[in-house]
Structure formats: structure tokens, C-alpha cells
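So the structure is just underneath, and the comments pick up after that.
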Amino acid sequence: MQIGTKQLLVIGDRILVKPINKDERTNVGLYLPQTVVEKEPVQVGVVVETGPGLAIPNLQHEVSEPWKLSEQTSQAPVKYIPVQADLGDQVFFLKKDSVEIHYMGEVYFVLPQSAILLLVRED
């Protein structure tokens, strides 16, 4: 994600999510204090950046003695199992498994793919 001249890079199977401010009112019109809203176990947000996915070993070259890697196998490109979330997807995720960060005046959550409960994707 490009912010000014800086770029945020997400690592591994992690996902950067911008939270969506939920309505802080109940169905009958009562306002909920911020402390109650923050304690919700499930949060909603929009995916703004994803990592490349889980790195998997390069099995193109079978090595019987892995400590004796040749230059060919050590220079092989890394392969990844990509994450399922795409940019712009709405996600429902477990807040306890996420890390809240503040960057350039904005609030984001960084979470592993396993913390996502549900993806909402437009066709």
C-alpha cells in the first residue's frame, strides 16, 4: 500500500484491514459507549493490503542432504500459497487475533488469514 513516498509491505499470510466504524446505536436507538463497541469479539473491516501468502519449500530439486545446498537450489524463487482475501473485500475477523496499529493518523488491523471468519466479495 503506497502512502505518500512510503510503502507498507505486508509479510507472509497476514492481511492489513481498515476497520469499518459500526453504528454505535442499538436497534432501539440507544448509543453504546466506545468501550462496549471495542469489546466486540468480531470486528468488520476492508482489506487494504495482503501478504504474498505462506511460503512453501521449493521441491523442484530433490536434495538428499539439505545442508549441502548447491547454488542452483539456494537461488530458486520462493513459492507461496496465496491468501484468499483480495483487496477491497469486506472481512469479519476475530479481534483477539489481530494487532491494532496507528499509521499516518489512520487505524489499521494486521491479522493472519486464520483470524478471518468470513469474506464478503462483490462480483
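Residue indices begin at 1 and follow the sequence shown.
Partners of E106 under the side-chain hydrogen bond (donor to acceptor under 3.5 Å, both in side chains) rule, at least two apart in sequence or in another chain, are K18. Evaluation of the salt bridge (Lys or Arg N to Asp or Glu O under 4.0 Å) rule for D86 yields R121 as partners, not counting sequence neighbours. Remark: Q84 engages no residue in a side-chain hydrogen bond (donor to acceptor under 3.5 Å, both in side chains) (not counting sequence neighbours).
Ring-centre distance between Y108 and Y103: not below the 6.0 Å cut-off.
The shortest distance between side-chain heavy atoms of I15 and E49 does not fall below 4.5 Å. V99 is listed as a side-chain neighbour of I101, based on a closest heavy-atom distance under 4.5 Å. Contact check for Q90 versus I20: side-chain heavy atoms found under the 4.5 Å cut-off.
Shortest non-hydrogen contact noted between P112 and D97 is CD-O, 3.4 Å. In terms of heavy atoms, L94 sits closest to L117 at CD2-CD1, 3.8 Å. Listed here is the closest heavy atom pair of A85 and T50: O-CG2, 3.6 Å. V48 and V17 make their closest contact through CG2-N, 4.4 Å (heavy atoms, listed as atom of the first residue, atom of the second, distance). The nearest pair of heavy atoms linking V83 to G51 is CG2-O, 3.9 Å.
In this structure, V91 is not a member of the same hydrophobic cluster as V44, with clusters built from ILVMFWY side-chain heavy atoms closer than 4.5 Å. The hydrophobic cluster containing I116 does not contain V120, counting ILVMFWY residues as joined when their side-chain heavy atoms lie under 4.5 angstrom apart, directly or transitively. Hydrophobic cluster membership is shared by M104 and V110, with clusters built from Ile, Leu, Val, Met, Phe, Trp and Tyr side chains linked at under 4.5 angstrom.
To the nearest 0.5 Å, atoms NZ (K96) and CG (L111) are separated by 13.0 Å. Distance OG/S98 to CZ/R14: 12.5 Å, rounded to 0.5 Å.
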Run the side chain to side chain contact (heavy atoms under 4.5 Å, CB included) check on L118 and F93 step by step: do they pass? CA-CA 7 Å; L118 184 67; F93 62 95; over 6 Å; no
Verify side chain to side chain contact (heavy atoms under 4.5 Å, CB included) between L8 and L16, making sure each step is shown before the conclusion. CA-CA 9 Å; L8 287 178; L16 184 67; 4.0 Å; yes
